[in-house]
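Just so it is clear, the structure is predicted and the values come from calculations on it, not from any experiment. If you read the sequence from its start, that first residue is 1, and numbering goes on from there.
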Amino acid sequence: MRKLLVVAVGFLTFGTLGFSQTSKGKNSAVEQNLTSSEKQMWEGWKNKDVSPFKQNLTDDSVMIDQTGIVQGKDKAVDNLTKMPCDVTSYSVGDIKVDWIDKDTALLTYKADADATCGGQKVPPSVYASSLWVKKSGKWQAAFHQETAVGPGSAQ
């Protein structure tokens, strides 16, 4: 009985590892696409171009940052249009993709920016997360949040 249990645990362990690697390899193209789409929105922000937001946000998206909560793609695009930012530079790095299920992925990363919006300097560094969902065969961002990196925070 003990041998059977050891063999069963071995199959489960190695079987799970094999599945995890297969899933990861299968999703790498999707992960690259999501990362690219996320960066396109940052580039759109820099260039005062709302088209990446129109293309990539769900209609009922939610965006949260130091200015508040914006609900809906139309409101987000309206805000970007009414209060354009002057972005000298930005960088997005250390993007990690975690899969919630086959149609939902969470991107987490750190972003740095030298920018002013509405006359106010934006936080120079933020931790960000975006939740991407696959709807009707298309990947779209349903949620995005940014938290300013404070002094002494773990980098």
Side-chain angles (χ1 to χ4, degrees), residues 8-85 87-115 117 122-150 153-155:
V9 168
F11 277 127
L12 285 174
T13 301
F14 292 112
T16 302
L17 287 174
F19 175 75
S20 174
Q21 289 172 350
T22 303
S23 293
K24 196 171 199 171
K26 218 177 194 184
N27 290 329
S28 63
V30 175
E31 290 177 11
Q32 288 175 356
N33 183 46
L34 295 176
T35 299
S36 174
S37 295
E38 186 80 15
K39 288 179 178 180
Q40 285 172 4
M41 287 193 284
W42 278 87
E43 191 66 16
W45 175 62
K46 177 181 182 264
N47 295 325
K48 299 177 178 85
D49 176 12
V50 296
S51 61
F53 295 91
K54 288 180 179 179
Q55 294 169 1
N56 290 308
L57 295 178
T58 61
D59 290 339
D60 59 350
S61 65
V62 176
M63 299 175 76
I64 302 173
D65 65 13
Q66 69 281 357
T67 63
I69 301 171
V70 176
Q71 295 183 315
K73 174 173 38 179
D74 292 340
K75 183 72 172 164
V77 169
D78 187 52
N79 281 359
L80 288 164
T81 304
K82 286 182 178 174
M83 190 177 70
C85 299
V87 183
T88 304
S89 64
Y90 77 92
S91 65
V92 175
D94 299 326
I95 295 179
K96 182 179 177 212
V97 180
D98 289 302
W99 288 91
I100 309 303
D101 63 31
K102 68 180 182 60
D103 294 327
T104 311
L106 176 67
L107 275 64
T108 54
Y109 56 92
K110 183 175 181 240
D112 300 306
D114 179 11
C117 296
V122 302
S125 297
V126 296
Y127 294 120
S129 62
S130 292
L131 188 68
W132 287 78
V133 295
K134 189 175 183 183
K135 288 186 170 186
S136 302
K138 182 180 179 193
W139 284 97
Q140 295 180 298
F143 177 81
H144 177 80
Q145 74 77 39
E146 296 175 6
T147 303
V149 175
S153 64
Q155 302 259 342

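Between Trp99 and Val30, the closest side-chain pair of non-hydrogen atoms falls below 4.5 Å. Contact annotation: the side chain of Asn56 never approaches that of Gln140 to less than 4.5 Å [non-hydrogen atoms, C-beta and beyond]. Side chains of Leu106 and Val97 form no contact here, defined as non-hydrogen atoms less than 4.5 Å apart. Two residues are said to be in side-chain contact when any heavy atoms from C-beta on lie closer than 4.5 Å; Asp65 and Gln145 fail this criterion. Looking at Val50 and Thr81, their side chains come closer than 4.5 Å, going by heavy atoms from C-beta outward. When side chains are defined from C-beta on, Leu80 counts as touching Trp45, because their heavy atoms get closer than 4.5 Å. Considering only heavy atoms from C-beta on, Ile69 comes within 4.5 Å of Val62 through its side chain. For the pair Ile64 and Phe143, the minimum side-chain heavy-atom distance is below 4.5 Å.
Between the side chain of Lys48 and the backbone N or O of Cys85, at least one donor-acceptor pair lies under 3.5 Å. Remark: the backbone N or O of Asn33 is paired with a side-chain donor or acceptor of Ser37 at under 3.5 angstrom. In this structure, the side chain of Lys96 does not engage the main chain of Tyr109 through any donor-acceptor pair within 3.5 Å. Side chain of Asn47 to backbone of Glu43: a donor-acceptor contact under 3.5 angstrom is found. Put simply, the side chain of Ser61 never gets that close to the backbone of Leu57: no donor and acceptor are under 3.5 Å apart.
Ser36 and Glu38 share no side-chain donor-acceptor pair at under 3.5 Å.
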Point to revise | Stepwise side-chain contact (heavy atoms from CB on, under 4.5 Å) check, Asp103 with Val133 | key: CA-CA 6 Å; Asp103 294 327; Val133 295; over 6 Å; no
Check your understanding: Leu34 and Leu107: side-chain contact (heavy atoms from CB on, under 4.5 Å), yes or no, with the steps?
Key -> CA-CA 8 Å; Leu34 295 176; Leu107 275 64; 4.2 Å; yes
Practice item. Go through the steps to decide whether Tyr90 and Asp112 satisfy the test side-chain contact (heavy atoms from CB on, under 4.5 Å), and finish with yes or no. Key: CA-CA 5 Å; Tyr90 77 92; Asp112 300 306; over 6 Å; no
Exercise for review: Tell me, with the steps shown, if Lys54 and Val77 meet side-chain contact (heavy atoms from CB on, under 4.5 Å).
Suggested key: CA-CA 7 Å; Lys54 288 180 179 179; Val77 169; 3.8 Å; yes
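By the neighbour-count criterion of 12 heavy atoms within 6.0 Å, atom CG of Asp94 is sparsely surrounded, having that number or fewer from other residues, nucleotides or ligands. Environment of NZ in Lys138: crowded, with over 12 heavy atoms of neighbouring residues, nucleotides or ligands closer than 6.0 Å.
Note that the CD atom of Glu146 and the OG atom of Ser130 stand 8.0 Å from one another [nearest 0.5 Å]. Rounding to the nearest 0.5 Å gives a distance of 11.0 Å between CG of Asp114 and NZ of Lys46.
Lys110 pairs in a side-chain contact (heavy atoms from CB on, under 4.5 Å) with only one of the listed residues (Val126, Ile95, Val149), which is Val149.
Listed here is the closest heavy atom pair of Ala142 and Thr58: CA-OG1, 3.5 Å.
The aromatic rings of His144 and Trp42 sit perpendicular, their planes meeting at an angle over 60°, well past the 30° parallel limit.
Salt bridge Lys135/Asp60: present, at least one basic N to carboxylate O contact under 4.0 Å.
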